[in-house]
Amino acid sequence: MGQSIRAIDIVAPKSFQGNPELIIGSLITDIGRRGKHLIFEFENGCGMLVHLKMSGQMIICRDDPADCLNDGDDPSGRLYDQNEKYTRVKFKISNGQELLFNDMRRFGFVRVLDQNQMQTLEEDLGLGVEPLEDDFTADHLSKLLKKKPKSLIKPFLLDQSNIAGIGNIYADEALFAAMIAPDRQAGDLSAGEIANLAEVIQEVLEKSLKLGGSSMRMYVQTDGSRGSFLDQANVYGKEGFLCSRCNEGKIVRLKIAGRSSHFCPVCQR
DNA sequence: CACTTGACCTGTCCGC
DNA sequence: TGCGGACAGGTCAAGT
């Protein structure tokens with residue numbers, strides 16, 4: 001923030017949408033997030049929307065650009081596949097740093113928005129409540145669930161138009177913490193279960209933030225270091241392991257709504 | 001309408 | 001060692 005973008009090198013046109021000229025030279029006044037989207041705001045009213053999808057990274061190169069492009073077993077903890085080969089867009093920042101958008105699978109994108117698109121961004125994204133904001137309460141969650149009583153709770157949590165930002169790992173971990181089976185129907189949850197679920201969603205997300213996120217393979221923080229949340233996961237990636245809570249069930253993995261879902265069949269009901 | 005599947009890409013891992 | 005298939009943090013569009 002407080003810098004501007006001097007130049008944009010679009011290495012992969014498919015990963016870049018909109019007119020790059022709109023944001024070149026204008027001061028970055030805010031960098032924020034809505035759900036899984038990153039939003040850069042510029043002094044001239046234009047903006048830049050970024051979604052990392054499955055494998056995207058935004059990396060700040062502080063000194064030598066080569067510093068964040070190594071692909072070896074760097075003791076600093078950088079991922080082996082954080083490689084220049086996957087750099088799709090390069091931003092030259094006015095302070096001399098370089099900001100890279102890397103994305104192996106090319107699902108992610110960078111999109112420049114004009115002033116009008118910035119005005120309607122919130123509606124256009126169509127995202128639900130932010131789970132870490134004050135307005136995400138048990139009461140709020142209860143009302144959301146009542147609107148889609150037949151929806152299974154797992155796909156409900158993944159639907160960004162309900163709650164914005166919960167992905168597959170966090171849906172599984174939150175349902176484990178709430179002792180709710182992923183294939184329960186939204187309308188069948190008791191008031192107590194709903195209140196508890198709202199609480200543990202926040203706890204799971206906050207814990208992951210503290211640990212730097214879930215670095216399965218590609219995700220890194222802007223300095224290239226990885227997060228350690230998965231080291232402490234109870235169900236995600238734990239298929240076949242004994243449940244850490246009841247010590248009785250074995251964690252199973254089932255496809256629910258097309259997504260791998262991990263849970264303890266004994267203590268999640 | 002609501003849910004599921006396939007597609008988008010590229011890579012890894014596992015079994016044969 | 002090679003090869004095919006399944007699977008991977010997300011989200012659309014199309015199909016049922």
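Note that these values count all heavy atoms, side chains included, but never hydrogens, waters or copies made by symmetry. All values derive from a computational prediction rather than experimental measurement.
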Student: For DNA chain C, determine which residues of residues 166-188 of chain A have any heavy atom closer than 4.0 angstrom to one of its atoms, and list them numerically.
Tutor: A/Gly167, A/Asn168, A/Ile169
Student: By side chain to side chain donor-acceptor pair (under 3.5 Å), which residues pair with A/Asn234, not counting sequence neighbours?
Tutor: A/Ser244
Student: What pairs with A/Tyr236 under ring pair (Phe, Tyr, Trp, His ring centres under 6.0 Å), at least two apart in sequence or on another chain?
Tutor: A/His262
Student: So, using side chain to side chain donor-acceptor pair (under 3.5 Å) as the criterion, who are the partners of A/Lys207 when residues are at least two apart?
Tutor: A/Gln232
Student: Run through DNA chain C and report every stem of 3 or more consecutive Watson-Crick or G-U pairs, distances under 3.5 Å, ordered by first number.
Tutor: B:2-8 with C:10-16, B:10-16 with C:2-8
Student: Could you give all pairs that pass the salt bridge (Lys or Arg N to Asp or Glu O under 4.0 Å) test and reach residues 180-200 of chain A, with sequence neighbours left out?
Tutor: A/Arg184-A/Glu193
Student: Side chains of residues 41-50 of chain A: which donor-acceptor pairs under 3.5 Å do they make with residues two or more places apart or in other chains?
Tutor:
residue	atom	partner	partner atom	Å
A/Asn44	OD1	A/Cys46	N	2.9
A/Asn44	ND2	A/Leu22	O	2.8

Student: Could you work out, with ring pair (Phe, Tyr, Trp, His ring centres under 6.0 Å) as the rule, every residue matching A/Tyr170, not counting sequence neighbours?
Tutor: A/Phe229
Student: Quick one, which residues of residues 255-263 of chain A touch DNA chain C with a heavy atom under 4.0 Å?
Tutor: A/Lys255, A/Arg259, A/Ser260
Student: For DNA chain C, what residues of residues 105-112 of chain A have any heavy atom nearer than 4.0 Å?
Tutor: A/Arg105, A/Phe107
Student: Please give me every residue in residues 146-159 of chain A whose heavy atoms get under 4.0 Å of an atom in DNA chain B, ordered by residue number.
Tutor: A/Lys150, A/Ser151
Student: Tell me which pairs pass salt bridge (Lys or Arg N to Asp or Glu O under 4.0 Å) where either residue lies in residues 249-269 of chain A, with sequence neighbours left out.
Tutor: A/Glu239-A/Arg253
